[in-house]
Amino acid sequence: MARGIRSGLRGGGGRSRVGSGAGRTSGRNGRASSKGQVKGGKAVQYAIKDSKGKPKYYGTTNNPRQRAAEHKQSGKLGKGDKLVVQSKAVSRKSAEKVEAAKLGSHRRQYGRNPKHNTTRDGKYHNPR
């Protein structure tokens, strides 16, 4: 099967999966291009979900395809897991706010962060 990115930006409730499928967008107006890059300084909100649909990780990226490859290499995106784009392309600041809100909601529902999220605000913190 061909690997690609399903946009979700052309309807479908703003959800898409990185993996098999061929629905690609034009790369204009902050949308994902055929190579997965989001244009215009924009970013998308995504989640890694296990085979049962339970979220394992929430994140923000401007290139879902590349980020999926990075997660696969690090072990966060395991066999049967899917990286699901959950928002349209918005400013990075807005996407990070949504990520922090999703993490807060997850903590309220489950009492802890998703398995692979380590910070409360979703941002990377370099330990010194």
Side-chain angles (χ1 to χ4, degrees):
M1 242 186 243
R3 289 195 54 118
I5 179 169
R6 279 198 186 157
S7 166
L9 299 175
R10 296 178 292 172
R15 294 175 182 262
S16 67
R17 284 183 276 148
V18 172
S20 63
R24 297 177 182 180
T25 61
S26 66
R28 294 176 5 206
N29 300 326
R31 296 179 181 210
S33 71
S34 62
K35 295 186 179 166
Q37 179 75 31
V38 177
K39 303 291 183 186
K42 305 267 182 170
V44 294
Q45 175 64 42
Y46 70 92
I48 294 177
K49 295 189 176 188
D50 63 15
S51 58
K52 296 177 184 176
K54 186 175 177 184
K56 293 173 59 176
Y57 183 83
Y58 291 110
T60 302
T61 186
N62 65 342
N63 193 334
R65 179 181 283 171
Q66 179 182 346
R67 195 68 179 125
E70 291 168 357
H71 283 312
K72 193 170 188 177
Q73 188 174 26
S74 73
K76 287 182 183 176
L77 186 63
K79 190 172 185 175
D81 296 343
K82 291 186 173 97
L83 189 149
V84 182
V85 174
Q86 297 184 316
S87 72
K88 292 182 180 182
V90 295
S91 71
R92 168 138 324 250
K93 190 173 183 179
S94 294
E96 288 174 352
K97 283 182 182 179
V98 170
E99 180 181 351
K102 284 184 181 273
L103 286 170
S105 175
H106 191 278
R107 281 192 302 276
R108 285 189 296 277
Q109 186 174 358
Y110 297 104
R112 59 180 173 74
N113 271 339
K115 181 178 180 180
H116 295 297
N117 282 100
T118 57
T119 61
R120 296 178 68 80
D121 58 4
K123 295 183 181 177
Y124 175 76
H125 297 281
N126 190 6
R128 291 185 179 190

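From a predicted model like this one, the values you see are computed outputs, not experimental measurements.
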What heavy-atom pair brings [X] and [Y] nearest, and what distance separates the two atoms?
X: Thr60; Y: Gln45; value: OG1-OE1, 3.4 Å
X: Ala89; Y: Lys42; value: CB-CB, 3.9 Å
X: Ala43; Y: Val38; value: N-CG1, 4.2 Å

So, are Glu96 and Lys93 salt-bridged, with charged N and O less than 4.0 Å apart?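 Salt bridge flag = no for Lys93 with Glu96.
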Can you name the residues that form a side-chain contact (heavy atoms from CB on, under 4.5 Å) with [X], not counting sequence neighbours?
X: Pro114; result: Tyr58, Leu103, His106, Asn117
X: Ser51; result: none
X: Ser94; result: Val90, Ser91

Say you draw a straight line from OH of Tyr57 to OG1 of Thr118; how long is it, rounded to the nearest 0.5 Å?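 Those atoms lie 7.5 Å apart.
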CD/Glu70 to NZ/Lys76 distance, rounded to the nearest 0.5 angstrom?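 The NZ atom of Lys76 is 10.0 Å from CD of Glu70, to the nearest 0.5 Å.
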Check side chain to side chain donor-acceptor pair (under 3.5 Å) between Lys56 and all other residues, then give those that pass, not counting sequence neighbours.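 With sequence neighbours excluded, Lys56 shows a side chain to side chain donor-acceptor pair (under 3.5 Å) to Asp81, given in chain and number order.
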Side chain to side chain donor-acceptor pair (under 3.5 Å) with Asn62: which residues, sequence neighbours excluded?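 By the side chain to side chain donor-acceptor pair (under 3.5 Å) rule, Asn62 matches no residue at all.
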Go through the steps to decide whether Leu83 and His71 satisfy the test side-chain contact (heavy atoms from CB on, under 4.5 Å), and finish with yes or no. CA-CA 9 Å; Leu83 189 149; His71 283 312; 4.2 Å; yes
I'd like to check Val44 versus Pro64 (side-chain heavy atoms, cut-off strictly below 4.5 Å). Are they in contact?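 Yes; the side chains approach each other to less than 4.5 Å.
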Sort and list the pairs that fulfil ring pair (Phe, Tyr, Trp, His ring centres under 6.0 Å) and have at least one residue in residues 76-98, not counting sequence neighbours.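 Pairs touching residues 76-98 that pass the test: none.
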